[in-house]
*Asks:* 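Once you've had a glance at the structure underneath, I'll fire off some questions.
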Amino acid sequence: PWSGFHKQRNFALSKCTGEWILYVDSDMEATPELLNEIYTTIKNPTFNAYYLSYYNLFLGTYPLIGGDWFPAWMPMLIKNSPEMKYDETRVVHEGSAYKGEHGYLKNFIIHHNYPTIDSMITKMLSYTDLDAEKLKTHKLFGRYTIAMNPKSTLSVLKHLTWYPFIYFMWVFFWKRGYRSGVPGFVYAVLGTLYYFLALTKYWDNLCNEQKLKPTMKEAVEKGFSIIK
């Protein structure tokens with residue numbers, strides 16, 4: 001049965017027998033320059049882990065520069081050891097939990113990130129379901145601690161407006177995502193929508209759990225009262 005990306009990765013890692021592990025997804029491409037650097041590095045390694053940067057290509061060939069898109073460093077070349085685990089508190093956008101000393105490789109890995117708008121929205125709908133479910137037990141969402149009170153309109157509106165807005169300002173202006181032009185703006189807006197959808201789904205889940213939604217009878221009666 002499906003247990004989440006993080007547990008799936010950790011299961012795969014438990015089956016690895018090689019001395020070194022290179023983490024790649026099916027939409028990533030290692031350049032010849034990167035492969036040569038990896039071969040040279042692991043012959044005489046200085047560290048047990050090396051960070052590589054994604055080079056994100058959006059809608060086919062638009063490079064995403066700035067924001068949290070490039071450089072985007074991740075520990076992707078790690079010596080096989082029990083320390084090589086993925087953080088199981090992150091059901092989406094899971095990352096390695098390795099915290100030891102590490103080096104950096106100069107060459108990047110190409111990430112064919114969302115070839116179409118439809119592919120991004122389809123994945124967004126699926127991932128926001130997972131994030132909304134995760135928020136029931138792990139309140140950290142991105143860089144923010146979520147403390148939504150579904151009984152308070154002010155609390156809900158704060159989460160649904162302020163946090164997505166702050167994300168857009170941070171990624172597009174503070175982190176200079178504007179250097180990617182229109183593709184960067186589109187990506188930042190869709191990333192903002194991701195925050196909004198995940199938090200909206202979380203609010204809906206809380207309302208269902210706490211039985212805060214009106215009954216069908218109450219909803220109909222309210223409609224009649226407005227008409228009158």
Side-chain angles (χ1 to χ4, degrees), residues 1-115 119-120 122-124 126-127 129-131 133-134 137-138 140-143 171 175 177 180 187 191 194:
W2 173 251
S3 58
F5 295 108
H6 50 318
K7 292 184 179 180
Q8 187 180 46
R9 290 192 188 281
N10 282 335
F11 174 77
L13 288 173
S14 70
K15 303 300 180 182
C16 291
T17 58
E19 184 180 2
W20 287 86
I21 297 170
L22 175 65
Y23 153 61
V24 290
D25 280 342
S26 59
D27 58 356
M28 294 178 181
E29 177 184 351
T31 64
E33 293 81 5
L34 173 61
L35 293 177
N36 287 334
E37 186 179 9
I38 289 173
Y39 293 144
T40 301
T41 299
I42 63 177
K43 284 180 181 178
N44 188 24
T46 306
F47 302 97
N48 289 332
Y50 291 87
Y51 276 55
L52 282 71
S53 179
Y54 294 164
Y55 185 55
N56 285 299
L57 297 181
F58 182 46
L59 302 182
T61 57
Y62 290 118
L64 293 175
I65 308 298
D68 52 0
W69 315 315
F70 185 78
W73 297 100
M74 293 286 290
M76 300 176 68
L77 177 65
I78 301 183
K79 199 165 187 177
N80 194 355
S81 72
E83 294 178 319
M84 175 49 174
K85 298 289 183 183
Y86 283 88
D87 184 356
E88 295 197 358
T89 66
R90 300 182 63 180
V91 294
V92 182
H93 309 303
E94 66 289 346
S96 171
Y98 180 83
K99 301 299 182 184
E101 293 186 356
H102 55 268
Y104 292 86
L105 298 188
K106 294 185 298 182
N107 290 286
F108 49 74
I109 194 161
I110 297 174
H111 185 202
H112 298 281
N113 195 4
Y114 305 122
S119 67
M120 185 171 186
T122 297
K123 188 170 287 189
M124 185 187 301
S126 173
Y127 281 11
D129 283 343
L130 297 173
D131 267 326
E133 187 67 23
K134 180 208 70 172
T137 53
H138 300 285
L140 190 65
F141 185 37
R143 296 167 178 81
V171 78
K175 298 292 287 183
S180 296
Y187 198 87
Y194 185 101

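These figures come from a predicted structure and were not determined experimentally.
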*Asks:* Test of understanding: with side chain to side chain contact (heavy atoms under 4.5 Å, CB included), list the residues that count as partners of Lys123, not counting sequence neighbours.
*Replies:*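 Partners of Lys123 under the side chain to side chain contact (heavy atoms under 4.5 Å, CB included) test: Tyr114, Tyr127.
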
*Asks:* Rounded to the nearest 0.5 Å, what's the gap from CG on Asp25 to CD1 on Ile109? Could you check?
*Replies:*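 Separation between the atoms: 9.0 Å.
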
*Asks:* Answer yes or no: are there more than 12 heavy-atom neighbours, outside Tyr104 itself, under 6.0 Å from its atom OH?
*Replies:*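 Counting neighbours around OH of Tyr104, more than 12 heavy atoms of other residues, nucleotides or ligands fall under 6.0 Å, so yes.
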
*Asks:* Asn36: what forms a side chain to side chain donor-acceptor pair (under 3.5 Å) with it, not counting sequence neighbours?
*Replies:*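 For Asn36 there are no side chain to side chain donor-acceptor pair (under 3.5 Å) partners, ignoring immediate neighbours.
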
*Asks:* What donor-acceptor contacts under 3.5 angstrom involve side-chain atoms of residues 63-80, with partners at least two apart or in another chain?
*Replies:*
from, atom 1, to, atom 2, distance (Å)
Asn80, ND2, Cys16, O, 3.2
Asn80, ND2, Gly18, O, 3.0

*Asks:* Assess, by modelled atom type and distance only, whether the side chains of Glu33 and Asn107 contain a donor and an acceptor separated by less than 3.5 Å.
*Replies:*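 Their side chains do not contain a donor-acceptor pair, so the 3.5 Å distance test is not met.
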
*Asks:* Are the side chains of Asp131 and Tyr194 in contact, using a 4.5 Å heavy-atom criterion?
*Replies:*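 The answer is yes, as the side chains (C-beta and beyond) meet within the 4.5 Å cut-off.
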
*Asks:* Within this structure, what is the OG1-NE2 distance for the pair Thr61 and His112, rounded to the nearest 0.5 Å?
*Replies:*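 So the gap between those two atoms works out to 10.5 Å.
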
*Asks:* Given side chains that start at C-beta, do those of Glu101 and Asn48 come closer than 4.5 Å, heavy atoms only?
*Replies:*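 Side-chain contact under 4.5 Å: no.
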
*Asks:* At their closest point, which heavy atom of Met120 faces which heavy atom of Phe58, and how far apart are they?
*Replies:*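 Result for this residue pair: SD-CE1, 3.8 Å.
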
*Asks:* With rounding to the nearest 0.5 Å, note down the distance linking CD1 in Ile42 to OH in Tyr50.
*Replies:*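 That separation rounds to 10.0 Å.
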
*Asks:* Got a sec, which residues hit salt bridge (Lys or Arg N to Asp or Glu O under 4.0 Å) with Asp129, two or more places apart in sequence or on another chain?
*Replies:*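 If we apply the salt bridge (Lys or Arg N to Asp or Glu O under 4.0 Å) test to Asp129, skipping adjacent residues, the hits are Lys201.
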
*Asks:* For a quick test of reading the model, state the closest non-hydrogen atom pair linking Tyr23 to Met28 and the distance between them.
*Replies:*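 For Tyr23 and Met28, the tightest heavy-atom pair comes out as OH-CE, 4.3 Å.
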
*Asks:* Measure the CE-OG distance between Met124 and Ser119 for me, rounded to the nearest 0.5 Å.
*Replies:*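 It comes to 10.0 Å.
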
*Asks:* Taking only residues two or more places apart in sequence or in another chain, which ones pass salt bridge (Lys or Arg N to Asp or Glu O under 4.0 Å) with Glu133?
*Replies:*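 Checked Glu133 against salt bridge (Lys or Arg N to Asp or Glu O under 4.0 Å); matches are Lys136.
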
*Asks:* Measure the OG1-CZ distance between Thr31 and Phe108 for me, rounded to the nearest 0.5 Å.
*Replies:*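 It is 6.5 Å, given to the nearest 0.5 Å.
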
*Asks:* Rounded to the nearest 0.5 Å, what separates atom CG in Leu52 from atom CG in Leu22?
*Replies:*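 Going from CG on Leu52 over to CG on Leu22, the span is 7.0 Å.
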
*Asks:* Determine whether the side chains of Tyr54 and Asn113 contain a donor N or O and an acceptor N or O closer than 3.5 Å.
*Replies:*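 Not at all, the side chains of Tyr54 and Asn113 share no donor-acceptor pair under 3.5 Å.
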
*Asks:* Can you sort out the partners of Thr122 under side chain to side chain contact (heavy atoms under 4.5 Å, CB included), two or more places apart, ordered by chain and number?
*Replies:*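 None.
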
*Asks:* With sequence neighbours excluded, what pairs up with Thr41 under the side chain to side chain donor-acceptor pair (under 3.5 Å) test?
*Replies:*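 Partners of Thr41 under the side chain to side chain donor-acceptor pair (under 3.5 Å) test: none.
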
*Asks:* Using every non-hydrogen atom in the two residues, find where Trp20 and Pro45 come nearest and quote the distance to one decimal.
*Replies:*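 Answer, listing the atom of Trp20 first, then Pro45: CZ2-CB, 3.6 Å.
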
